[in-house]
Asker: 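Quick one: structure below, then a few questions.
Given the structure is predicted, the values throughout are model-derived calculations rather than measurements. Just so we're on the same page: letters track the sequence lines, and every chain starts at 1.
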There are 2 protein chains.
Amino acid sequence: MQYYSYENFKNDTTTLIEQVQVFKPEAIVGIARGGLTLAHCMAEGLEIRDVQTIRTELYDGTTKREKISVFGNCSFKENIKVLVVDDIADSGETLKAVMCALAKSHPSVVFESCTLFYKKSSCYEPHFWIHEAKDWIDFFWERDYT
Amino acid sequence: MQYYSYENFKNDTTTLIEQVQVFKPEAIVGIARGGLTLAHCMAEGLEIRDVQTIRTELYDGTTKREKISVFGNCSFKENIKVLVVDDIADSGETLKAVMCALAKSHPSVVFESCTLFYKKSSCYEPHFWIHEAKDWIDFFWERDYT
């Protein structure tokens, strides 16, 4: 297990802000809860005021496989570019479900995604990511308040 | 001007988490952008998964006074308690407009508010706050990424 401090986060987020500028995002969607601090700090760095959130819940599907519900009513201007932000693509199921739900409900909007960490075994690879995750990441927001 | 570091934030947020427990919130609304990191960390500490966001824009009203528009479609279960989170009540206009808009669109929900800082000259006093703001606060999320 690796403690991921605010100092680590600050350095990586600064790098991620530089990387995503090629996409020229005009709005940000943070995936709650893990993506919220990252969404906030990236929005500050990118000078984007339009920050919205979405959250997911796991439930047991009828076939005993876990399924994901996506909650949150985002609204966007037509034809804009939106960056979807989460802390980690672990199994990748959350990001995959969110990207799919957003694309379906906002067909004129272009979505790209970014995370701090990406696991090679993830079923979804974000457009931008910083580190490959090899063990469990103990994010400061999960550790410092519990 | 006072630099408000992550360490300051961590200590104050821990105190705020303890204070708001008397209200027993079941969901959190963070006001973008300033309230997002606080909303995230409080949600972790309070073990609340339902975190939504709202944002405001200032515009010039016809009478030359500034007016505030509130954006964001929150949805809540009936009769729950929701904590509205922002970094600071400065003029207080943002929080006042948000609390008013939420109460109007969700009449069965109980809303209370909290901030890290409160200015005595604010037109709205949050239910919970930690410090009186006497000069400009330079929050780490505003400073560290620009």
Side-chain angles (χ1 to χ4, degrees), chain A residues 5-18 20-21 27-58 69 71-77 85-87 94 105 138-146, chain B residues 5-18 20-21 27-58 69 71-77 85-87 94 105 138-146:
Chain A
S5 69
Y6 177 69
E7 283 305 308
N8 298 142
F9 171 85
K10 185 171 89 173
N11 293 334
D12 291 341
T13 299
T14 302
T15 306
L16 196 53
I17 287 168
E18 285 165 17
V20 302
Q21 298 211 5
I28 285 179
V29 173
I31 302 181
R33 295 181 299 203
L36 293 182
T37 297
L38 182 59
H40 183 188
C41 295
M42 292 190 73
E44 296 282 349
L46 293 163
E47 295 183 48
I48 292 173
R49 295 190 60 85
D50 184 354
V51 188
Q52 305 183 43
T53 48
I54 220 164
R55 73 188 168 89
T56 61
E57 270 178 26
L58 275 178
S69 294
F71 298 90
N73 309 308
C74 294
S75 64
F76 307 105
K77 290 173 201 150
V85 173
D86 206 355
D87 50 357
T94 298
S105 50
D138 195 23
F139 292 104
F140 69 87
W141 51 78
E142 287 174 353
R143 163 69 68 89
D144 292 354
Y145 303 94
T146 48
Chain B
S5 69
Y6 177 68
E7 284 304 310
N8 298 142
F9 171 84
K10 185 171 86 172
N11 293 333
D12 291 342
T13 299
T14 302
T15 307
L16 197 53
I17 287 168
E18 283 164 18
V20 303
Q21 299 209 6
I28 285 178
V29 173
I31 303 181
R33 293 178 302 200
L36 293 184
T37 297
L38 181 59
H40 183 189
C41 294
M42 292 190 74
E44 296 282 350
L46 294 163
E47 294 183 47
I48 291 173
R49 295 190 61 84
D50 184 355
V51 188
Q52 304 183 44
T53 49
I54 221 165
R55 74 188 168 88
T56 62
E57 271 178 24
L58 275 176
S69 294
F71 298 91
N73 308 308
C74 294
S75 63
F76 306 106
K77 290 172 203 153
V85 173
D86 207 355
D87 49 357
T94 297
S105 50
D138 195 23
F139 292 103
F140 69 88
W141 50 79
E142 287 172 357
R143 163 69 70 87
D144 292 354
Y145 303 94
T146 47

Asker: Tell me, side chain or backbone of B:F140 under 4.5 Å from chain A's heavy atoms, or both, or neither?
Answerer: both

Asker: Please state whether the side chain, the backbone, both or neither of A:I54 comes within less than 4.5 Å of a heavy atom of chain B.
Answerer: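 For A:I54, no heavy atom lies under 4.5 Å from chain B.
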
Asker: Can you tell me which portion of B:T56 sits under 4.5 Å from chain A's heavy atoms? Options are side chain, backbone, both or neither.
Answerer: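 The backbone, not the side chain.
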
Asker: Are the side chain of A:R33 and the backbone N or O of B:E47 linked by a donor-acceptor pair below 3.5 Å?
Answerer: no

Asker: Look up atom CZ in B:F9 and atom CG in A:D144, then write down how far apart they are to the nearest 0.5 Å.
Answerer: 9.5 Å

Asker: What part of B:L46 gets within 4.5 angstrom of chain A, counting heavy atoms only: side chain, backbone, both, or neither?
Answerer: neither

Asker: Under 4.5 Å heavy-atom distance to chain A, tell me which part of B:R49 shows up: side chain, backbone, both or neither.
Answerer: both

Asker: Once you round to the nearest 0.5 Å, how far does CD of A:E44 lie from OG1 of B:T37?
Answerer: 8.0 Å

Asker: Using 30° and 60° as the class limits, which term best fits the ring planes of B:Y145 and A:Y6: parallel, tilted or perpendicular?
Answerer: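 Rings of B:Y145 and A:Y6: perpendicular, as their planes differ by over 60°.
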
Asker: Between A:G34, A:A39, A:C74, which residue shows the highest count of heavy-atom pairs closer than 4.5 Å to chain B?
Answerer: A:G34

Asker: Per the side chain to side chain contact (heavy atoms under 4.5 Å, CB included) rule, which among B:T53, B:V29, B:V51 passes with A:T53?
Answerer: B:T53

Asker: Taking B:D50, B:T146, B:I17, B:I48 one by one, which has the highest count of heavy-atom pairs under 4.5 Å against chain A?
Answerer: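 That would be B:D50.
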
